[in-house]
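Working notes, structure below.
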Amino acid sequence: MSLQTSTLNHMMKTSLREGQLNDARVYFDNNPTYRDVVSWNMMISGYVKSNQIHIARQLFDEMPERDIVSWNTLLLGLQKDKDQESTYQLYLQLQSSGLRPTSYTFSIVVSSVLGTVFNVLVPQFHAKIVSLGHHTSVYVGSALMRGYTDLGDHSALYCVFDDIVNKDMSLWNALILGYMELGLTDEAQKAFNRMPKKDVVSWTTLVDGYLKNNEVERARYIFDEMDEKNVVSWTAMITGYVGTDKCLDAIELFIQMMRLGPRPNQHTFASVLAACAKHSELLTGQQVHASLLKHGINIDIVLATAFVTMYAKCGDIEAAYCIFKEMPGKNLVSWNSILGCHARHGRGRAALDDFEKMINSGLQPNHITFINVLSACAHAGLVEEGERIFGCMGKTYGIQPEKEHYACMVDLYGKAGNLDKAKSLIECMPFEPDIVVWGALLGACGLHSDFEFGSNAANELHNLEKNHPAAYVLLSKIFGERGVWNSLTDLKQIMESKHMKKQKSGSWIG
DNA sequence: CTAGGGTTAG
């Protein structure tokens with residue numbers, strides 16, 4: 001290596017460390033004769049880190065010779081870009097290039113298949129990794145462990161873990177996470193107890209694991225035992241409460257966090273807004289909004305969508321639509337949220353208009369999009385429009401109607417008074433009707449006081465789930481109108497036991 | 001010059 005090359009690389013390294021990608025590029029461009037493979041790799045890495053994968057790829061293609069770091073860096077870029085197709089293609093090209101893949105290579109390539117259909121390749125990667133002797137790497141190991149967790153293979157999960165001699169904390173944490181995701185809470189707890197050293201991530205993984213397995217009490221007990229809690233630990237606990245419908249506990253914990261915990265972040269606010277939305281706590285939601293502004297938290301797309309959902313579910317449609325309109329970038333979830341808002345408030349036309357706008361913006365709808373649009377049509381009595389959407393969802397958008405979509409159509413026909421059409425749709429649908437479907441028909445029967453259809457639907461519902469509240473409510477309406485009360489003596493009791501707590505009032509955010 | 005762990009919206 002000439003002196004000039006080492007100077008060039010030093011200058012580039014300094015610029016990159018300061019985040020000055022363009023400065024590094026100027027040094028690189030001005031010294032074509034002194035560049036070596038490391039100079040090229042540094043530039044590729046710089047573009048990968050700033051998510052400019054196209055430029056990284058361009059440099060990779062242009063460079064006169066590539067070493068394994070060049071390949072690994074571009075693989076990392078493609079993985080970060082979630083382009084698993086190209087990642088795998090590049091890995092195949094690497095195989096025929098004659099260069100030997102390293103443990104870096106496998107940790108990247110295995111990570112790229114996680115959560116995709118290519119996850120089935122994990123055992124083959126594993127075999128290859130063992131044959132090349134890379135199975136002792138903690139980086140490769142943690143990627144493989146996540147892969148086997150997704151495949152539901154707990155013994156392979158442990159084998160990979162066991163193969164690694166120098167286990168670090170991340171690897172132990174991956175084992176706990178894997179067991180928790182597979183529902184093996186006892187194994188997870190045992191692993192936690194066996195760990196030589198634990199950090200806040202280990203504790204949080206355990207707490208979150210119990211929450212995901214619906215063991216809320218145990219999660220809270222461990223949460224209280226933690227002596228080092230950070231924003232992630234608090235947020236995990238709050239999110240866990242929301243997920244198990246303990247919204248008031250979630251809000252209470254959030255208040256406690258504001259008083260004596262770490263500063264909440266976007267994740268925290270998104271969760272507590274979800275709690276407000278679920279529990280229709282408009283006042284609390286507004287206070288959260290105010291305190292978020294006070295904390296100077298940046299409202300990103302996720303948080304803005306959480307606000308739209310919260311305001312929509314709490315009935316403040318104006319606020320919901322206002323935030324939605326002002327959002328700079330709207331993604332699928334944002335659109336689904338506003339479509340759900342229209343649906344809840346019976347604004348069928350608005351839903352159809354926004355659905356069209358969403359399609360025109362180039363987004364691909366998913367099954368939730370159609371649930372929201374169809375239920376908006378049902379609420380607004382737009383039978384023909386609903387039929388048209390239902391008909392095209394599979395043909396035009398490749399989304400096959402699921403039970404929920406049929407339930408929307410049953411609701412649509414039912415509300416419009418066309419009980420025959422609703423019934424024949426139930427008969428020809430490719431699923432066994434469930435609670436939701438029968439419930440929709442029952443609702444329509446209640447609306448139109450149809451005793452015959454109604455008792456049939458109620459019977460079906462009763463067979464599927466005893467004491468379903470919807471059945472009681474609607475039967476009371478039908479039977480009540482006909483003066484048939486004797487079978488409903490315990491109705492009032494049931495309703496009282498489901499009584500919701502009243503919303504607290506007053507400000508609690510200082 | 002390249003790699004891994006826990007928390008967000010429908």
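Keep in mind that what you see is a predicted model, and the values were worked out from it rather than measured. So that the names make sense, note that chain A is the first sequence line, chain B the second, and so on, each numbered from 1.
- A heavy-atom distance below 4.0 Å to DNA chain B is reached by these residues of residues 300-318 of chain A, ordered by number: A:Val302, A:Thr305, A:Thr309.
- Using a 4.0 Å heavy-atom criterion, one finds that A:Ser103 contacts the bases of the nucleic acid, with or without backbone contacts as well.
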**Item:** CA sep, side-chain torsions, deciding dist, call: A:Tyr91, A:Gln95, side-chain hydrogen bond (donor to acceptor under 3.5 Å, both in side chains)
**Value:** CA-CA 6 Å; A:Tyr91 168 73; A:Gln95 276 195 318; 3.2 Å; yes
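- Counting non-hydrogen atoms under 4.0 angstrom, A:Ile68 reaches nothing in the nucleic acid.
- Taking atom CG of A:Leu75 as the reference point, atom P of B:dG4 lies 13 Å away to the nearest angstrom.
- Atom CG in A:Leu175 sits roughly 15 Å away from atom C1' in B:dG4 (whole-Å rounding).
- Look at CG on A:Leu99: it is 14 Å from C1' on B:dT2, rounded to the nearest Å.
- In this structure, A:Asn372 reaches neither bases nor backbone, as no heavy-atom distance under 4.0 Å exists between it and the strands shown.
- Counting to the nearest Å, the C1' atom of B:dT2 and the CD1 atom of A:Ile53 are 13 Å from each other.
- When distances are taken from the side chain of A:Val69 to each of B:dC1, B:dG6, B:dT8, the shortest belongs to B:dC1.
- In this structure, A:Ile368 reaches the bases: a heavy-atom distance under 4.0 Å links it to at least one base atom across the strands shown.
- Taking every side-chain heavy atom of A:Asp208 into account, B:dG6 is the closest of B:dG6, B:dT8, B:dT2.
- Taken to the nearest 0.5 Å, the SG atom of A:Cys276 stands 6.0 Å off from the CG atom of A:Leu273.
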**Request:** Verify ring-ring contact (aromatic ring centres under 6.0 Å, His included) between A:Trp203 and A:Phe192, making sure each step is shown before the conclusion.
**Result:** CA-CA 8 Å; A:Trp203 284 89; A:Phe192 180 81; 5.0 Å; yes
**Item:** Verdict with reasoning, A:Glu217 to A:Arg220, per salt bridge (charged side-chain N to carboxylate O under 4.0 Å, His left out)
**Value:** CA-CA 5 Å; A:Glu217 302 297 321; A:Arg220 180 57 192 261; over 6 Å; no
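- As judged by a 4.0 angstrom heavy-atom cut-off over every strand, A:Lys49 is placed among residues touching the sugar-phosphate backbone only.
- Heavy atoms of A:Val207 sit nowhere under 4.0 angstrom from any nucleic acid atom.
- Side chains of A:Ser6 and A:Asn9: no donor on one and acceptor on the other come within 3.5 Å.
- Taking the centre and axis of the six-membered ring of A:Trp40, the NZ or CZ atom of A:Arg66 falls outside the cone set by 45° and 6.0 Å.
- Per the geometry, CG belonging to A:Leu144 stands 14 Å off P belonging to B:dG4, to the nearest Å.
- For A:Val201, whose side chain is taken as the heavy atoms from C-beta onward, the closest listed nucleotide among B:dC1, B:dG4, B:dG6 is B:dG6.
- Computed from coordinates, the A:Asn72 CG to B:dT2 C1' distance equals 6 Å when rounded to whole Å.
- For A:His126, the side chain to side chain donor-acceptor pair (under 3.5 Å) criterion is met by A:Tyr148, not counting sequence neighbours.
- A:Thr73 comes within contact range of the sugar-phosphate backbone alone, with a heavy-atom separation under 4.0 Å but no base atom that close.
- For the segment residues 125-141 of chain A, residues with any heavy atom less than 4.0 angstrom from an atom of DNA chain B are, sorted by number, A:Val138, A:Tyr139.
- The pair A:Asp150-A:Arg146 does not count as a salt bridge, with every side-chain nitrogen at least 4.0 angstrom from each carboxylate oxygen.
- Contact annotation: A:Lys212 does not reach the phosphate of B:dG6 (side-chain N/O to OP1 or OP2, under 4.0 Å).
- Within the nucleic acid shown, A:Lys198 has no heavy atom closer than 4.0 Å to any nucleic acid atom.
- Per the geometry, CE belonging to A:Met12 stands 12 Å off P belonging to B:dT2, to the nearest Å.
- When each of A:Asp67, A:Thr73, A:Asn72 is tested with A:Ser70 by the rule side-chain hydrogen bond (donor to acceptor under 3.5 Å, both in side chains), just one qualifies, namely A:Asp67.
- For B:dG6, its base never sits under 3.5 Å from the side chain of A:Thr205 at any donor and acceptor pair.
- You'll find that the side chain of A:Ser142 is closest to B:dG4, out of B:dC1, B:dG4, B:dA3.
- Scanning atom types as modelled, one donor and one acceptor separated by under 3.5 angstrom connect the side chain of A:Asn331 and the base of B:dA9.
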**Prompt:** Given A:Ile371 and A:His405, is the side chain to side chain contact (heavy atoms under 4.5 Å, CB included) satisfied, shown in steps?
**Reply:** CA-CA 6 Å; A:Ile371 291 172; A:His405 303 102; 3.5 Å; yes
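- Across all strands, A:Ser233 comes closer than 4.0 Å to base atoms (heavy-atom distances).
- Between A:Asp168 atom CG and B:dA3 atom C1' the separation is 12 Å, expressed in whole Å.
- Taking the ring axis of A:Phe161 as reference, the NZ or CZ atom of A:Lys167 stays within 45° of it and closer than 6.0 Å to the ring centre.
- Comparing B:dG4, B:dG10, B:dT2 against the side chain of A:Leu332 picks out B:dG10 as the nearest.
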